[in-house]
Amino acid sequence: MFVRVAVNIPTDRTFVYRVPPKLEADAAPGKRVLVPFGGRTLAAYILELMPATDYPETKDVIRLLDTEPLFGAADLLFYQWIADYYLQPIGKVLAEALPSGINPKTNRIFRLIPHAEPVSPEHFTVDEMNLLTFLQHHSEGVTGAELGRILPAKALKKALRTLQNRNLVVVEDRMKQAGITARKEKWLIPVRPSPTGITLTVRQHDLMQLIENKGEISLGALRTHMLFSPALLKALKDKGAIAVIEKESLRTSDVPDRNCGRTQPPTLNRDQQKAILKIRKKLDVPAFSVCLLHGVTGSGKTEVYLQAMAQALCDGGGALYLVPEISLTTQLVDRIQGRFPDLDIAVWHSDIPETIRYDQWKRLLRGEIRLVVGARSAVFAPVRNLKLIIVDEEHDGSYKQDERTRYNGRDAALIKGKLNQATVVLGSATPGVQAYHAAQSGKYTYLSLPGRVENRPLPQVEVISMAEERDASGAIPILSSPLLTAISESLTGGYQTLLFLNRRGFNTFLYCPDCRHVFTCPNCTVSLTYHGETGRLHCHYCDYIEPIAGTCPACGGGRVIRYGVGTERLEKEVRKHFPQAKVGRMDRDTVSGRGSREGILRRLEKREIDILVGTQMITKGHDFPHINLIGVISADLSLNIPDFRAAERTFQLLTQVSGRSGRGEVPGRVIIQTVNPGHYAVARACNHDYTSFYEDEIALRKAFSYPPFTRMITLHLSAIHKDQAEKDLAVLKADLNHLRRQERRYQYIDVLGPTRSPIEKIRGRYRWQILLKGREIGPLHDLARAVAGLEKQGTLRIVPDVDPFNFM
Ligand code: ADP
Ligand code: ZN
């Protein structure tokens, strides 16, 4: 028998190995095996079993690493899709999808062959002699790193090769234990039939009784019942009365106490009822379908999700509930556990320890856990009999992962739903343009919750044109006078205010007025931000920090002008205007540790904060009834991002942040400051008019052939040495043109670039991009794959970024 396996190395290829007869019975797809690979020993994933192979030379599998498969056939199709669609190796996708840290590592060990011919110094060089002496003293073998301390790398390599050729030294790969393994526990079971003719002491008899009563008992549990010595157990075992076996014991994540706070569902309003009825109908048939639940903020979407889950779970099915932010899961898990107190829930995100994820993974595979709640990576969780996938805030950018395995959790959820014939519910107050387009064209079932629960009004939104605002000194102020008035009204009324500014630090731009020198990062083409807390200049793209200079480093001039407002500066301004108020700040600088974000939100909840200043973090998910004012300091930051989705992002951001106000009894108010008051994204957000925003936006998308009217792949190219890279780029461009001339189907692809990326250099790497645009994704994929394959010819690193789409 043979197996096709994937290995976590950068290649699209898979590999075939022979399974030795003694392992045949246990080999199965989804298990890991240890294989010899290019002189190393690696863990590999079995993709399929093969009765025969055409490969002339196959090596043998060394051993199996799993007793149960880690994924099933349907799971593999899903991982394979991720690999194909996002253009990356299947071995890499598997390595990241499965709980990490379970693959054993190997150490390369050098060892002297025992009983080799006696060594006489005149036959060896000094280097070789040194090595031999060292190895003689370490007969158990040493690592390459240890040998590296005796000789420089080149000399070491040469000496080792000679010694190997003369059969004096062997190299072997020795396994280290994997970081994460199953936890084993000892269990005691009475031997049946009970042995006859043995006599037990009183204490042995008591212990035996207890074990008999339990049928079987773990050593840990037995200890809680009675005191006994190991000798006593041994005696029982020796007399043949009990047997000791090892069983796996599983670790789980902390979920709230199930008995506290069992909650009853509220009576749904008419719109919620209509939505849940339609979702139930979809759940009744085992077929793939997508519902778009479009409900304004505070319209009771979560309630609809919970009831949909109840249906899927009571039919014996599994459900997956994805949320964009890790910190949102804790509140949510409380809410779900309260509703389903008898259910085991797996909480899934990158902060959950790997050991727990490993055990939960197994329990999911066995069908013992049927509900997973988590951030984007939860989409990889192997839920059995999957009937329902919920993607909350489907428009949210944090579903996209750009580092390591690249994927979009929202899109992956759709594919997973398709492969499992499940119902997918995408929910949002501001659906992505592509999702709404799909709903309009009938691909998705459109469900609408147009009003807030209990008819609470949506907040009243005002736009302040900052071009006309002036402070006492004649400059454009940070806080306009209408916003200042509104804040003091909110304070006097005993309410809370959120002020949103999507930029950290104190000043975001420093320059010398004499020579126009701008303080920029040496590693990145971005300006440095002054942080008052450290008193230094920071780069927000790399870890670069420098002390602030009093003089210009370029011309020696004594003046440095600082402008551009960040959250630190905003906080100071707020304190200046409202010295009596309790002011808090939430951004990446104030919430570094785990739970610190929850800490700030708790203070907000307990009304220990009157005014909270913050970045994007404050715009999402939370629900505080006493917030009656939201101030958006500048709507222009997100409008100026060089991306065709800038307007969409701005509309979403403004709507989401507005949705944080007026969630309680009091009506809310929102004030948006901007220099673009006429921009449709701002104006439509102001009127809570999603439909008109969509119509404006879709017309532009059509006119400029942007998604959803085309498919797009952006190739991000980067290199350390600019001159060489530019030569490589020229070659790449020629190759690209050649490819396009060769194949007819490539001729319909628009190729834009290579052009410099909007930020030309990050972390010392120069950056370019090539945009591939076309009607069909297939040819785009093939062309991108062909181009990325050319990478080996030059110094360019190529990372493809595949645009999301509505998979139906
Ligand atoms: P969304 O997810 O759309 O922001 P939620 O489902 O969180 O909205 O609902 C907002 C608040 O209204 C929650 O406190 C929720 O418990 C409550 N709620 C939801 N549906 C109802 C209902 N039908 N009747 C009363 N309260 C409801
Ligand atoms: Zn930098």
Side-chain angles (χ1 to χ4, degrees), residues 261 263-277 292-310 321-325 328-329 331-336 338-339 373 390-396 425-431 447-459 504-505 508 518-529 531 536-546 605 619-627 655-665 668 688 690 718 757 759-767:
T263 51
Q264 292 303 319
T267 315
L268 297 186
N269 62 34
R270 279 201 47 200
D271 293 320
Q272 285 174 316
Q273 278 175 24
K274 270 202 279 187
I276 193 69
L277 268 173
L292 176 63
L293 181 63
H294 181 191
V296 298
T297 52
S299 59
K301 293 184 290 295
T302 311
E303 203 45 58
V304 174
Y305 304 149
L306 287 171
Q307 304 222 3
M309 271 156 46
Y321 189 157
L322 303 181
V323 291
E325 291 266 321
L328 297 181
T329 48
Q331 295 144 5
L332 188 65
V333 172
D334 286 354
R335 201 164 158 190
I336 301 173
R339 198 62 67 76
V373 183
I390 290 156
V391 185
D392 189 27
E393 309 291 2
E394 67 89 29
H395 66 277
D396 200 289
V425 178
L426 305 175
S428 178
T430 51
L447 310 171
S448 165
L449 303 179
R452 283 189 162 177
V453 292
E454 294 170 334
N455 292 322
R456 285 173 202 153
L458 281 168
R504 297 184 288 129
T508 54
V518 177
F519 289 70
T520 52
C521 174
N523 313 316
C524 316
T525 42
V526 294
S527 60
L528 293 169
T529 297
H531 282 245
R536 286 158 191 254
L537 298 174
H538 293 239
C539 172
H540 288 181
Y541 286 83
C542 70
D543 302 323
Y544 180 78
I545 298 175
E546 68 176 35
E605 188 174 11
T619 65
K620 286 182 199 175
H622 47 82
D623 193 354
F624 298 119
H626 295 283
I627 295 171
T655 308
Q656 293 291 340
V657 69
S658 304
R660 298 307 120 219
S661 88
R663 294 177 78 94
E665 313 283 286
H688 308 288
Y690 181 85
S718 68
S757 298
I759 298 174
E760 284 179 25
K761 191 173 76 168
I762 292 182
R763 290 182 177 272
R765 296 188 73 90
Y766 290 89
R767 306 161 76 240

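Every number for a ligand or one of its atoms is a count from 1 in the order of the listing. Just the heavy atoms: all of them, side chains too, but no hydrogens, waters or symmetry mates, feed the values below.
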* Considering the heavy atoms of R335, write down every atom of ligand 1 situated less than 4.0 Å from one of them. => 5 (P), 6 (O), 7 (O), 15 (C), 16 (O)
* Of the protein's non-hydrogen atoms, which lies at the shortest distance from atom 21 (C) of ligand 1, and what is that distance? -> V453 CG1, 3.7 Å
* Asked: So which heavy atom in the protein is nearest atom 4 (O) of ligand 1, and how far is it from that ligand atom?
  -> G298 N, 3.1 Å
* Partners of R452 by salt bridge (Lys or Arg N to Asp or Glu O under 4.0 Å), sequence neighbours excluded? -> none
* In terms of ring plane angle, is the pair H531 and H540 parallel, tilted or perpendicular, where the classes change at 30° and 60°? -> perpendicular
* Quick one: nearest non-hydrogen protein atom to atom 25 (C) of ligand 1, plus distance? -> E454 OE2, 3.9 Å
* **Shortest protein contact, atom 20 (N) of ligand 1 (heavy atom only)** => Q272 NE2, 3.0 Å
* Asked: Closer than 2.8 Å to the Zn ion (ligand 2), which protein N, O or S atoms?
  -> C521 SG, C524 SG, C539 SG, C542 SG
* Below 4.0 angstrom from a heavy atom of N269, which ligand 1 atoms are there? Numbered from 1 as shown, please. => 23 (N)
* Considering only non-hydrogen protein atoms, determine which one is nearest to atom 2 (O) of ligand 1 and report residue, atom name and distance to 0.1 Å. => T302 OG1, 2.7 Å
* When you measure from atom 14 (O) of ligand 1 to every protein heavy atom, which one gives the shortest distance, and what is it? -> D623 OD2, 4.0 Å
* Who passes salt bridge (Lys or Arg N to Asp or Glu O under 4.0 Å) against R456, sequence neighbours left out? -> E454
* Asked: Excluding sequence neighbours, so at least two apart, what forms salt bridge (Lys or Arg N to Asp or Glu O under 4.0 Å) with R536?
  -> none
* For ligand 1, which atoms sit closer than 4.0 Å to a heavy atom of T267? -> 22 (C), 23 (N), 24 (N)
* Structure fact -> for atom 1 (P) of ligand 1, nearest protein heavy atom and its distance come out as K301 N, 3.6 Å
* To do: Return the residue, atom name and 0.1 Å-rounded distance of the protein heavy atom closest to atom 5 (P) of ligand 1.
  => G300 CA, 3.6 Å
* At a 4.0 Å cut-off, with the gap strictly under it, does some heavy atom of S299 reach an atom of ligand 1? -> yes
